[in-house]
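Values reported hereafter were calculated over all heavy atoms of this structure, with side chains retained and with hydrogens, waters and symmetry mates removed. Numbers restart at 1 for each chain; the letters A, B, ... are given by sequence-line order, proteins then strands.
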Amino acid sequence: MNGGELLILLALTLPLFAAAMIYAVGRMPDVRETLTLVACIGLAIVAISIFVRVGQGDPPALTVAEPLPGLAIAFRVEPLGALFAVMASVLWGVNSLFSIGYMRGRREARQTRFYICFALAMFGVMGIAFAANLFTLFLFYEALTFVTYPLVTHAGTPAARRAGRVYLVTLVGASVLLFLPGIIGVQSMAGSTTFTPGGLLNGRVDAAAGSVLLLLLVFGAAKAALMPLHGWLPSAMVAPAPVSALLHAVAVVKAGVFAVLKVSAYIFGPDLISTLPAATWILWMAAGSIVIASLVALTKDDLKTRLAWSTVSQLAYVTSAAMLPMASGLVAGGLHMVFHAVAKITLFMCAGAIYVATGANRVSEIGGLGRRMPWVFVAFLAASFAIVGLPPMAAMWSKFLLITASFGSGEWFTAAALIASSLLSLVFLMPVAFRALFSPAGDGAGGEFVRPGGTPVTSLVALCVTAAACVVLFVAVEPLADYLAPIAAVSFMETAP
Amino acid sequence: MQLEALYVAQPALTAQAPILAIAVPLIGACAAALAPSGRAGWMISVVAAMVSAWMALAVAGEVMREGVILYQLGGFAPPAGIALRVDAMGALIALLIGAVGTLAAVFSGHSLAAEVRPEKHTLFQAGFLLAQAGMVGLVYTGDAFNAFVFLEVSSIGTYALVAAGERRDRRALPAAFNYLIMGTIGATFYVIGVGFLYGATGTLNMADMAARLGTLDQNAAVQAGFAFIVAGLGVKAAMFPLHGWLPGAYAHGPSLISLFLAATATKAAIYLMARFLFEVFPDGAAFGDMFLQWVLAPLGAAAVIVCSLQAVFARELRRMIAFSSVAQVGFIFLGFSLANASGLSAALFYMTAHGLMKAAMFMALGGLAISIGARRLEDFAGVAREAPWTAVAFGIGAASLVGTPLTMGFLAKWQIMEAALAGGRIWIFAVMAAGSVLTLVYVGRIIEVMFFREPAPGAPRAKESPVGVLVPLLILAGLSLWFGIDASLPQQLAQAGAASLFEVRP
């Protein structure tokens, strides 16, 4: 077994091992949480090593089993997956730090199960990130649904159970009815489902069959929350804030758009995408999704729900990027996947920090709170800047690239939707921070914290780290874009005369 | 695992394996009927079933090496003598019957005590071995009339076995009677059909029949014979809408018999139907194609949708799974209706997968029935807490039924769907997808009750199954998982069997 195989195996088994250990020491919270943090650091190191190897042109690969000929459980890392794995594992660490403060501060029940499910979710994410074919991706994609279900229903209330049912029915239903048939279709057309640079189906399907497969695969990845399959995401906000932060801003939803990006880049390929009518239809749906979700976000008073609708809108950015008839859209999409994750996890952690300290979860309740919780709201403001796409925040670049690519490929409709949503997010996010920081008096100005001492320190550190990351990535965007360039460049070279 | 390289018996023994796989349980049945105690009967049953399974494995290895095995009883050549003729398809189904039969026999040691009157135990074991001998014989025989004989031998055993459930559930008696009437009608139809074919061809040997039917596809007697045979076997195979006997027989009989019937009885009849559809009747005969296209495919689709819905709304757990069995037969027929090697191979694989998963599910329910006499779904609330191993084994079977990746059921569905797509039958593909979602709905209901609901206060508490149940149960569940990761064993038999019927050797 060479180093690359070992690294992939480590990335997959480390979260599983961590889950088992957490179960074993569940009765000792301090040990349990230390273990979680150690596992996070370990996984981040492994993911970064894989990331570096891919950058050096030595992508790790591993085949585990082949149940039927042509149907293998295999892993092969490419730039997009390496980036996704690094993003998820690092943010898992930050989020665990936040969870410790949040879960203790709220005195939540079933904390051991909570940490176990998080570790298992990371197992699913690593499998998705490194999958060498659609079949393997599907395996881990489904696993991710099932291990995150207990997290959505964590509260155990009727509302939580209802949300859990919506979550399962939407995600599993879309998988079985759309995604899996799409995969079988690909297998039947191409004889395999291996992710191939330049597109597995390129040159093997006509426009009609390609369109049907594209629709099946894009809508089947319901974790990407493209309208009309977005309903599970806002309802899943009954989960505790760390769950919303990591899963519904980073791991689960990003697994959905990641799948869409992979399908676009490696199953269809930019050349084929640009000839499919269905890609244009999906672009329209995504544009609608972007604008409508932003409008709905305006009307929501519950802070986390508002953020969730904003996520629906932002995920459609990435889906648009994957469907643009221009290969550079893929790079923009990959970057936006990361930058949005960093910004949105910050916002959710801020929402959680406010809730744990004051019990407030509505926008209307936070007037004047900023004076007592300046760090939280400064971080919130910074992340809001990122969502809107203002400098000096990293997400500005991805949005900029995306708008350029849509104009460049003549999809002005998408470009218009992107600009409109930026303005709308200005309207639904900025007032939150402004109200808290600059409103002289409000519900939150006086009174005591629900939790003595306000936001727990670990939580505060976590959200400041990600807020700072939004700024740091602003200057580090060029190496990242270069890193991702190969996923789009292959097709340039192949189509060059 | 490569079956070609599998030698489980001496060559001399392997040469006699086909007949031993039938004769040993048959002799065992007589011995069990005379056994002095239920315990002794049980031991005879286990040993005989195990020998039969062992022989079936030896035959499977030999078939993979040699192609078709011809065995002439007493050395007399057909048409005068009785011939056994085993190909890869038959080897696969016989292996399934042997394996499930052995595990079921082990399981019966505990389950009979709870479900059948003590004085009937020896007779019960005799009936069970009779059923097994009949089914293996049906699969191995190369003679259309002997197939009828074996079909009746096994049926006589199973009618009595269903009725033996009356100690726990009085409804077993009408269910058995219903099964007896329907089954006899089916068998009679079959034998009438064989009579027509005999009249037209002058032979009962299936291979000879196939050779002589080649030019007779416009003959009215042949067409009538075809109609009688598929209708008769349709009853036995629980082809929708001829499945009326099945839910009652599965739901009210002793749990041993539900598991054995679900895994094997319909499979043997389906197997025989495949023999006639793809081997005996002339290739490309208009009536055969018409039947596949316009009868078998729509009925299969109707079974998938209607019976899955019936399972969704059923209130008794065993009834739910029984309806699910009819729906699964629909999936298998959809595979048949593609009328090509990949469709048939996928359907054979599906039969094996379904046999293993249903056996595991019914066995788990049988294990639970030892401690709680529950019938309704709600009575199973929270059993996962009291009997975790049994519940997990049930869950694995259920996961395979839904088609969860990494189980055998997933690969089975995958293959049929891929074959449907390759054959350009989008509607079959769509029905399969819809059927999978319906399966997910009712299985999800069961899993939710068993694993996530609190037991009702005052309800009888379930107990973990005894070791004698757990071991065969976990082996069955393990097979569903193992073949989901490495499917080479059933896959090579299914593929070789389908290829030999369509005569495109890989």
Roughly how far apart are Phe410(B) CZ and Phe135(A) CZ, rounded to 0.5 Å? 4.5 Å
Against chain A, label Ala430(B) side chain, backbone, both or neither, depending on which of its atoms sit under 4.5 Å from a heavy atom there. neither
Let me know if Leu440(B) has heavy atoms under 4.5 Å from chain A in its side chain, its backbone, both or neither. side chain
Using heavy-atom distances under 4.5 Å, tell me whether Leu71(A) contacts chain B through its side chain, its backbone, both, or neither. side chain
Neighbour count >12 (heavy atoms, 6.0 Å) for atom OH, Tyr149(A): yes
Under a 4.5 Å cutoff for heavy-atom pairs, which residue among Leu178(A), Leu68(A), Val64(A) has the most contacts with chain B? Leu68(A)
With sequence neighbours excluded, tell me which residues meet side-chain contact (heavy atoms from CB on, under 4.5 Å) with Phe146(A). Glu142(A), Leu168(A), Val172(A)
Residues of residues 180-189 of chain A contacting chain B, heavy-atom criterion under 4.5 Å, by residue number: Leu180(A), Pro181(A), Ile183(A), Ile184(A), Gly185(A), Gln187(A), Ser188(A)
Is there any side chain to side chain donor-acceptor pair (under 3.5 Å) pair reaching into residues 333-359 of chain B, and which pairs are they, with sequence neighbours excluded? Lys267(B)-His354(B), Ser324(B)-Lys358(B), Ser325(B)-Lys358(B), Gln328(B)-Tyr350(B), Asn340(B)-Ser342(B), His354(B)-Lys358(B)
Which residues from residues 411-422 of chain B are near chain A, with near meaning under 4.5 Å between non-hydrogen atoms? Leu411(B), Trp414(B), Gln415(B), Met417(B), Glu418(B), Leu421(B), Ala422(B)
